[in-house]
Amino acid sequence: MKAEIHALLQQALEALANDGILEANAELNIPVERGRDDSHGDFASPIALALARSARCNPRQLAEQIVERLPSSSVIGKTEIAGPGFINFTIQNGAYQSLASEILQADTRYGTSTLGEKQRIQVEFVSANPTGPLHVGHGRGAAYGAVVANLLRATGHEVESEYYVNDAGRQMDILAASVWLRYLQRCSETLTFPANGYRGAYIQTIADELHNQHGEAFRQPAKRVLKDLPADEPDGGDKETYIDSVIERARKLLGERSYRLIHGYVLAALVEEIRDDLLDFGIGFEQWYSERSLMDSGAVTTVIERLRDAGHLYEREGALWFRSTEFDDEKDRVVVRENGQTTYFASDIAYHLDKFERGFTRVIDVWGADHHGYVPRVRAALQALQADPDRLDVLLVQFANLYRGGEKVPMSTRSGEFVTLRQLREDVGRDAARFFYVMRKSDQHLDFDLDLAKAESNENPVYYIQYAHARIASVMRQTKEKGFRWQSADSFDVTGELVEDHELVLLRRLSRYPEVVEAAALSYEPHQLAYYLRELANDFHTYYNAHIFLVDAAPLRNARLGLINATRIVLRNGLTLLGVSAPDTM
RNA sequence: GCGCCCGUAGCUCAGCUGGAUAGAGCAUCGGCCUUCUAAGCCGGCGGUCGCAGGUUCGAGUCCUGCCGGGCGCGCCA
């Protein structure tokens, strides 16, 4: 309908141009909006306001001239000029009458579109370091990324979701060493745990499993492990230096093969846990991409060579630097360290180049907002490699703070003090967690009120929407019990029955759904859909309270059942996109 | 200090990218169950859109400067 009005206005403006009243302007963007207020009709365009100046006449007069030249249409019931020069359009009732049956026929397809024209888009999200279970901070990125991917799919994009596994860095070494030390303790060796080691209970669990599978194959006497190590932090030393020397000692005593085995074992255990966590959260990935594979394949060194050949690298203080300042970064960045190791950034350049080379028309990264300073250097690298940085969209997600009993819940990964995603799910349930995560704009801090999410009351917005769905399912059960029969085709020919204000409001709302999905997808803003569903549920509840659906007159009854089933479909489709279930009973 | 994000009702937040009288939920106050689920509905109260300038027919929205909050500024990832 919006497109129809757009086309009508376009024709009217062309006619005005032919009459010499307006200058012809093919590229003119004609705004068509939903009216904010019902008294403003269904759609409105401020086009006359926008053009008044160049046409040298007052907006209302111009609006009149536009309206005079509007071609006739079966969709438009009424046009009127209001306020300073808005053109308001009211859609003919008939145009809405067929909507319910259209939705019933389209069913799961209602709201989907071919807007994306099969563009291939990659959405990379979560990508948390596999150094422990996912916590609630990761949960938001997970929920957000998954819904963005869903929205893009619904609008006809070909989407591939991916998790980038940081399995090559120092953190992984610290992790492997931590597990090994716990394993040694399990073997009854006595040693104090490093200040900078990973302390979570899951470390001990993995160490125990390692012990079960491999016995004491990796046991070394504590004395040899600790011999001549520098002082740890509690003894006045530096914890970073200490942990590095522990890692070095582990490599030496175990030998590269055994060390790799433990490293790989720990990695696999954690990745598996993360994957299971996400699956239980309703999120699956098409691709798990290993950072180490980029190193093993030589992709990282290749990309460094390419940068060097293009003259973007230089040496300073023993390290190799990328001159990212040439591409608007704040400072140059190291790609190869003094010790010869490539940096995480070097991997990331290779990774992003690889994404582009895999043929995606667009690449989306969902990152925690604390990484925002990282964006310019990645774009800089892409530019330096002659790749178009505009094909990369980095979506930043602010942190979520948990509140319990009005108090902020403190969190820190290293200390092992954090609420895991699993705990959150067990605490408030998957639906509430998924909904709460995406109901705020992603660049807004999220105050996640655990008590509220758990509340089985009207304070909880998730239940409000689900309840509307359950109510409709209940009405359908009642329909059967009362001996009425209904199938969707029964509602196709009787839609002229829907004349109540509440019904028209609901129909109007349902007609907006595809626009909402489209807007939410293109702006990567799931919260728009969340708000829409709340409003739709509200319209339904109001209707429910105002009218009985199961009346004796079959045509009216069938029309109403058609309408509420259309509502059920939209509620379900929308909730599904958000990763929230649509229950039949509550 | 520099960079990015944010500041809208008592609280948590929308505001369709510059349009009409700034909207929801929660809280609070009042009303509605012999009828399809009251996890619901209807109504009331509640605002200097952080402050001050500027741009224009029009600014919560864009620009500048302050004030206040968050994050970032590693040869960590």
Side-chain angles (χ1 to χ4, degrees), chain A residues 31 33-37 39-40 44-46 49-50 52-53 58-59 82-86 88 127-129 131 166 168-172 240 291 316-321 330-331 333-345 347-348 368-376 396 398-399 401 403 439-441 443-447 449 452 455-468 470-479 481-482 512 515-516 519-520 523 525 527-528 530-531 534-535 537-538 540-551 560-561 564 585-586:
Chain A
E33 307 159 352
R34 285 283 178 168
R36 277 199 188 160
D37 192 290
S39 70
H40 297 149
S45 179
L49 294 165
R53 192 145 68 123
N58 90 42
F86 287 94
N88 291 340
S127 300
N129 284 353
T131 52
N166 296 126
R170 175 169 170 268
Q171 294 305 320
M172 278 307 301
E240 303 290 352
E291 179 188 0
R316 197 216 302 166
E317 292 159 10
L320 197 57
W321 297 70
E330 286 177 355
K331 50 177 84 168
R333 312 289 174 178
V334 171
V335 286
V336 181
R337 284 181 275 203
E338 200 177 359
N339 66 9
Q341 287 186 340
T342 54
T343 58
Y344 171 82
F345 176 48
S347 299
D348 231 7
D370 54 334
H371 286 66
H372 66 78
Y374 199 78
V375 180
L396 300 174
Q398 291 284 353
F399 280 132
N401 293 313
Y403 287 82
M439 75 180 179
R440 299 277 177 251
K441 219 157 59 176
D443 59 5
Q444 197 82 245
H445 289 272
L446 174 68
D447 288 339
D449 186 334
L452 178 63
E456 293 202 0
S457 74
N458 56 350
E459 295 165 40
N460 195 328
V462 194
Y463 292 119
Y464 184 85
I465 299 167
Q466 291 182 317
Y467 184 49
R471 264 185 155 175
I472 296 168
S474 175
V475 171
M476 295 319 291
R477 287 190 295 272
Q478 283 292 318
T479 303
E481 272 176 40
K482 292 193 174 178
R512 289 193 52 178
E515 293 164 32
V516 171
S523 55
E525 290 184 345
H527 76 278
Q528 289 191 28
Y531 275 89
R534 220 235 154 247
E535 285 160 1
N538 183 24
F540 169 75
H541 286 308
T542 301
Y543 179 38
Y544 181 96
N545 273 62
H547 299 281
I548 299 284
F549 308 145
L550 298 178
V551 294
R560 287 182 170 173
L561 288 176
I564 66 168
T585 56
M586 284 176 76

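Here is how names work: the chains are called A, B, and so on, in the same order as the sequence lines, proteins then strands, and each is numbered from 1. Nothing here was measured: the structure is a model prediction, and the numbers come from that model.
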Quiz item: Below 4.0 angstrom from OP1 or OP2 of B:rG15, is there any side-chain N or O of A:His527?
Solution: yes
Exercise. Establish, with yes or no, whether the OP1 or OP2 oxygen of B:rA39 is under 4.0 angstrom from a side-chain nitrogen or oxygen of A:Arg471.
Key: no
Quiz prompt | Below 4.0 Å: OP1/OP2 of B:rA38 and any side-chain N or O of A:Tyr544 | solution = yes
Quiz prompt | Rounded distance (Å) that lies between atom C1' of B:rA77 and atom CZ of A:Arg337 | solution = 10 Å
Quiz item: Does any donor-acceptor pair link the side chain of A:His445 with the base of B:rG69 at a separation under 3.5 Å?
Solution: no
Self-check item: Phosphate OP1/OP2 of B:rA24: any A:Arg440 side-chain N/O under 4.0 Å
Solution: no
Practice problem: Could you pull out the closest heavy-atom pair between A:Phe540 and A:Ile472, with the gap in Å? | Solution: CZ-CG1, 3.4 Å
Quiz prompt | Nearest to side-chain heavy atoms of A:Gln478, which nucleotide of B:rU12, B:rU37, B:rG15 | solution = B:rU37
Self-check item: C1' atoms of B:rA14 and B:rU8, separation to the nearest Å
Solution: 10 Å
Practice problem: Could you measure between the two C1' atoms, the one in B:rA22 and the one in B:rG15, and give it in whole Å? | Solution: 8 Å
Exercise. Determine: side-chain N/O of A:Lys331 to OP1/OP2 of B:rC2, distance under 4.0 Å, yes or no.
Key: no
Practice problem: Taking atom types as modelled, find out whether A:Ser347 and A:Glu291 have a side-chain donor-acceptor pair closer than 3.5 angstrom. | Solution: yes
Practice problem: Looking only at non-hydrogen atoms, find the nearest pair between A:Ala537 and A:Ile465 and report the distance. | Solution: CB-CA, 4.0 Å
Self-check item: Contact under 4.0 Å: A:Thr343 side-chain N or O vs B:rG74 OP1/OP2
Solution: no
Quiz item: Base, sugar-phosphate, or nothing for A:Tyr374, non-hydrogen atoms under 4.0 angstrom?
Solution: base
Quiz item: Quick one: the side chain of A:His541 and the base of B:rC41, do they pair up donor-acceptor inside 3.5 Å?
Solution: no
Quiz item: NA contact type, A:Ala319, heavy-atom cut-off 4.0 Å: base, sugar-phosphate, or nothing?
Solution: base
Quiz item: Does A:Val475 offer a backbone N or O that forms a donor-acceptor pair with the side chain of A:Thr479 under 3.5 Å?
Solution: yes
Quiz prompt | Nearest-angstrom distance, P atom, B:rU28 to B:rG10 | solution = 16 Å
Quiz item: Quick one: A:Asn88 CG to B:rG19 C1', roughly how many Å, whole number?
Solution: 12 Å
Exercise. Could you please spell out the steps behind the side chain to side chain contact (heavy atoms under 4.5 Å, CB included) verdict for A:Gln171 and A:Asn166?
Key: CA-CA 9 Å; A:Gln171 294 305 320; A:Asn166 296 126; over 6 Å; no
Quiz item: Atom CG of A:Leu452 to atom C1' of B:rA27: distance rounded to whole Å?
Solution: 12 Å
Self-check item: Same-atom distance (C1') from B:rC13 to B:rC4, integer angstrom
Solution: 22 Å
Practice problem: Look at all strands and tell whether A:Ala470 reaches a base, only sugar-phosphate, or nothing, counting heavy atoms closer than 4.0 Å. | Solution: base
Practice problem: Identify the two heavy atoms, one from A:Arg316 and one from A:Trp321, that lie closest to each other, and give their separation to 0.1 Å. | Solution: O-NE1, 3.2 Å
Quiz prompt | Out of B:rC5, B:rA39, B:rA24, whichever nucleotide has its closest atom nearest the side chain of A:Tyr463 | solution = B:rA39
Quiz item: Where each residue is assigned the nucleotide of RNA chain B containing its nearest heavy atom, which of A:Arg512 and A:Val336 is assigned the position nearer the 5′ end?
Solution: A:Arg512
Quiz item: Can you tell me how far OG1 of A:Thr343 sits from CZ of A:Arg333, rounded to the nearest 0.5 angstrom?
Solution: 10.5 Å
Quiz prompt | Length of the NE2-C1' vector between A:His371 and B:rG70, whole Å | solution = 16 Å
Quiz item: Counting only Watson-Crick or G-U wobble pairs whose two distances fall under 3.5 Å, which nucleotide matches B:rC2?
Solution: B:rG72
Quiz item: Across all strands, who's sitting opposite B:rC51 as a Watson-Crick or G-U wobble pair, both distances under 3.5 Å?
Solution: B:rG65
Exercise. Between B:rC71, B:rC13, B:rU37, spot the one nearest the side chain of A:Thr585, thanks.
Key: B:rU37
Quiz item: Choosing from B:rC75, B:rC42, B:rA77, which nucleotide comes nearest the side chain of A:Gln171?
Solution: B:rA77
Practice problem: Mind calculating the distance between CD (A:Glu240) and C1' (B:rA77) to the nearest angstrom? | Solution: 12 Å
Quiz prompt | Centroid distance under 5.5 Å and plane angle under 30°, A:Phe86 vs B:rG19 | solution = no
Quiz item: Syn or anti for B:rC33, taking syn as within 90° of 0?
Solution: syn
Practice problem: Would you mind reading off the distance between A:Lys482 atom NZ and B:rU35 atom P, rounded to a whole angstrom? | Solution: 10 Å
Quiz item: Has A:Asn339 got a side-chain N or O lying under 4.0 Å from the OP1 or OP2 atom of B:rC75?
Solution: no
Exercise. Check every strand shown and say whether A:Asn538 touches a base, only sugar-phosphate, or nothing at a heavy-atom separation below 4.0 Å.
Key: sugar-phosphate
Quiz item: Mapping A:Met476 and A:Glu330 to their closest nucleotides on RNA chain B, which lands nearer the 5' end?
Solution: A:Glu330
Quiz item: Closest approach of A:Leu550 and A:Gln478, non-hydrogen atoms and distance?
Solution: CD1-CB, 3.8 Å
Quiz prompt | Among B:rC41, B:rA77, B:rU37, the one nearest A:Ser474 by side-chain distance | solution = B:rU37
Exercise. Considering only atom C1', compute the distance from B:rA77 to B:rG65 and round it to an integer number of Å.
Key: 38 Å
Exercise. Could you classify B:rU35 for me, syn or anti, using a glycosidic angle within 90° of 0 as syn?
Key: anti
Self-check item: Rounded distance in Å - CG (A:Leu49) to P (B:rG19)
Solution: 11 Å
Practice problem: Tell me whether the OP1 or OP2 atom of B:rA14 has a side-chain N or O from A:Gln444 closer than 4.0 Å. | Solution: yes
Quiz item: Between B:rG30 and B:rG46, how far is it from one C1' atom to the other, in whole Å?
Solution: 16 Å
Practice problem: Would you kindly check whether a donor in the side chain of A:Asp370 faces an acceptor in the base of B:rA77, or vice versa, at under 3.5 angstrom? | Solution: no
Quiz item: Contact class for A:Ala44 (heavy atom, under 4.0 Å): base, sugar-phosphate, or nothing?
Solution: base
Practice problem: With heavy atoms under 4.0 Å as the rule, sort A:Gln341 into base, sugar-phosphate or nothing. | Solution: nothing
Practice problem: Check whether any side-chain N or O of A:Lys441 sits under 4.0 Å from OP1 or OP2 of B:rC5, and answer yes or no. | Solution: no
Quiz item: From the list B:rG72, B:rC41, B:rA77, which nucleotide is the closest neighbour of the side chain of A:Asn166?
Solution: B:rA77
Exercise. Measure from the side chain of A:Trp321, starting at C-beta and using heavy atoms only, and say which of B:rA39, B:rG25, B:rC75 lies closest.
Key: B:rC75
Quiz item: Who does B:rU12 pair with, Watson-Crick or G-U, both distances under 3.5 Å?
Solution: B:rA24
Self-check item: d(CZ, A:Arg333; C1', B:rG74) in whole Å
Solution: 9 Å
